[in-house]
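We count ligands from 1, going down the list as the structure has it; atoms in each ligand are counted the same way. In this chain, residues are counted from 1 in sequence order.
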Amino acid sequence: MRIGVMGGTFDPIHLGHLRAAEEIYWAFALDHIIFVPAARPPHKADQDVAAPIHRYEMVSLATVFSPYFSVSPIEISRPGRSYSVETLRELLKLYGPETHLWFIMGVDTFLEMSTWKEAAQILRLAQVVVTARPGWRLDEVEKTLTPRQRRQLGSPQFKYLKIAEVTPDPSRRGPVPGLVLLVEVVSLDISSTEIRQLVEEGRSIRFLVPDTVAAYMSKNRLYQGRREAAGEGVQGSLLGGWEE
Ligand code: ATP
Ligand code: MG
């Protein structure tokens, strides 16, 4: 089995995440992609992030129409901080030795990866696939890394590819240890930060998140913090006319 793993805070999940996953799924002929919401990002306080159950539910609703996408509670049900290396090991144990993992992340995340627990090991447990994101140059990732960061990543090799150039090699089913694939996907200029901001300001988030996710956010009054505090109530058209 060829399984993609996409980690993130998903606060909330949006179409940028889903489109990147969709392109990688087809390009690498994966069997499945598992979205793994993180328990809590290490640099954020608990109250700054929606509860794990909400983030999990939103990923579940976002993937409900995609048979090859699913969500795993593996990180949110583990006490303490989330470590990707532990998640990958657990998934390999769960799915057995015939399974190969493709660990998918955006370029902004990859540039922080050298600080992660057992970063070099991650590049050996899974095929790391780094996808483009507006604002970051994928073809300059190699140059951007400092010698120290490179060492912490186990001095990986890099391969830059346009999505159309990816040829899933059926004879080589597993990851190439220590190789980082930099893949240009259609990158949508969407971030969870922007979505939270829009909701807070009572503006439309339509076509940035799946409608199912927008409905869940509205129903559970997520991200409306300051508006509520200001006594504006929750009846405003958060969905940009979606409810009518
Ligand atoms: P925030 O603004 O809260 O940091 P985010 O939009 O960056 O949210 P994350 O949950 O932090 O979303 O990201 C999860 C993963 O998805 C990361 O690897 C990130 O690089 C990637 N990603 C996020 N947004 C996009 C996008 N628009 N296109 C491609 N990849 C993305
Ligand atoms: Mg982010």
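Residue Met105 has no nitrogen or oxygen atom sitting less than 3.5 Å from a nitrogen or oxygen atom of ligand 1, judged on distance alone. Checking only distances, Phe10 does come within under 3.5 Å of ligand 1, N or O to N or O. Below 3.5 Å of separation, one finds no N or O of Ser187 facing any N or O of ligand 1. Ligand 1 has an N or O atom lying under 3.5 Å from an N or O atom of Ile190, backbone or side chain. No N or O atom of Asp189 sits closer than 3.5 Å to an N or O atom of ligand 1. Polar contact with ligand 1: present for Thr109 (N/O pair, distance under 3.5 Å).
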Practice item. Check step by step if salt bridge (charged side-chain N to carboxylate O under 4.0 Å, His left out) holds for Arg196 and Glu200. Key: CA-CA 6 Å; Arg196 294 192 300 272; Glu200 203 170 281; over 6 Å; no
Exercise for review: May I have the step-by-step check of side-chain hydrogen bond (donor to acceptor under 3.5 Å, both in side chains) for Tyr56 and Glu75, ending in yes or no?
Suggested key: CA-CA 10 Å; Tyr56 177 89; Glu75 290 193 358; over 6 Å; no
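Using a 4.0 Å cut-off to heavy atoms of Gly8, the atoms of ligand 1 that qualify are 10 (O), 14 (C). Here is the list of ligand 1 atoms found below 4.0 Å of a heavy atom in Asp108: 19 (C), 20 (O). Taking every non-hydrogen atom of Thr9 and a distance limit under 4.0 Å, the qualifying atoms of ligand 1 come out as 10 (O). Those atoms of ligand 1 that come under 4.0 Å of a heavy atom in Met6, given as number and element, are 16 (O). With ligand atoms numbered from 1 in the order given, ligand 1 contributes 6 (O), 24 (N), 25 (C), 27 (N) to contacts under 4.0 Å with heavy atoms of His14. Counting the atoms of ligand 1 from 1 in the order shown, those under 4.0 Å from a heavy atom of Ser191 are 2 (O), 6 (O). Heavy-atom contacts of Ala132 reach the following atoms of ligand 1: 29 (C) (cutoff under 4.0 Å). Remark: ligand 1 atoms within the under-4.0 Å shell around heavy atoms of Arg196 are 3 (O).
Side-chain atoms of His14 and Glu194, non-hydrogen and from C-beta on, never get closer than 4.5 Å to each other. Counting heavy atoms from C-beta outward, Tyr223 and Leu198 have side chains that stay 4.5 Å or more apart. A heavy-atom distance below 4.5 Å is not found between the side chains of Ile76 and Ile53.
The heavy atom nearest to atom 1 (P) of ligand 1, out of those in Ile13, Thr193, Leu208, Val36, is found in Thr193. In this comparison of Arg133, Glu194, Glu23, the heavy atom closest to atom 31 (C) of ligand 1 sits on Arg133.
In terms of heavy-atom proximity, Pro210 sits nearest to Ala62 at CG-CB, 3.9 Å. Listed here is the closest heavy atom pair of Leu91 and Leu101: CB-CD1, 4.3 Å.
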With a cut-off of 3.5 Å and sequence neighbours excluded, list every side-chain donor-acceptor pair involving residues 180-189.
| residue | atom | partner | partner atom | Å |
| --- | --- | --- | --- | --- |
| Glu184 | OE2 | Tyr160 | OH | 2.8 |

Donor-acceptor contacts, no H, no angles, side chain residues 29-36, under 3.5 Å, sequence neighbours left out:
| residue | atom | partner | partner atom | Å |
| --- | --- | --- | --- | --- |
| Asp31 | OD2 | Arg2 | N | 2.8 |
| His32 | NE2 | Ser70 | OG | 2.8 |

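Ligand 1 lies out of reach of Pro134, whose nearest heavy atom is not under 4.0 Å from it. The closest approach between any non-hydrogen atom of Ala38 and ligand 1 is not below 4.0 Å. Residue contacts with ligand 1 leave out Arg19, since none of its heavy atoms falls under 4.0 Å from the ligand.
Using a 30° and 60° split on the angle between ring planes, His100 and Trp102 fall in the perpendicular class, above 60°.
Other residues, nucleotides and ligands contribute at most 12 non-hydrogen atoms within 6.0 Å of the CD atom of Gln157.
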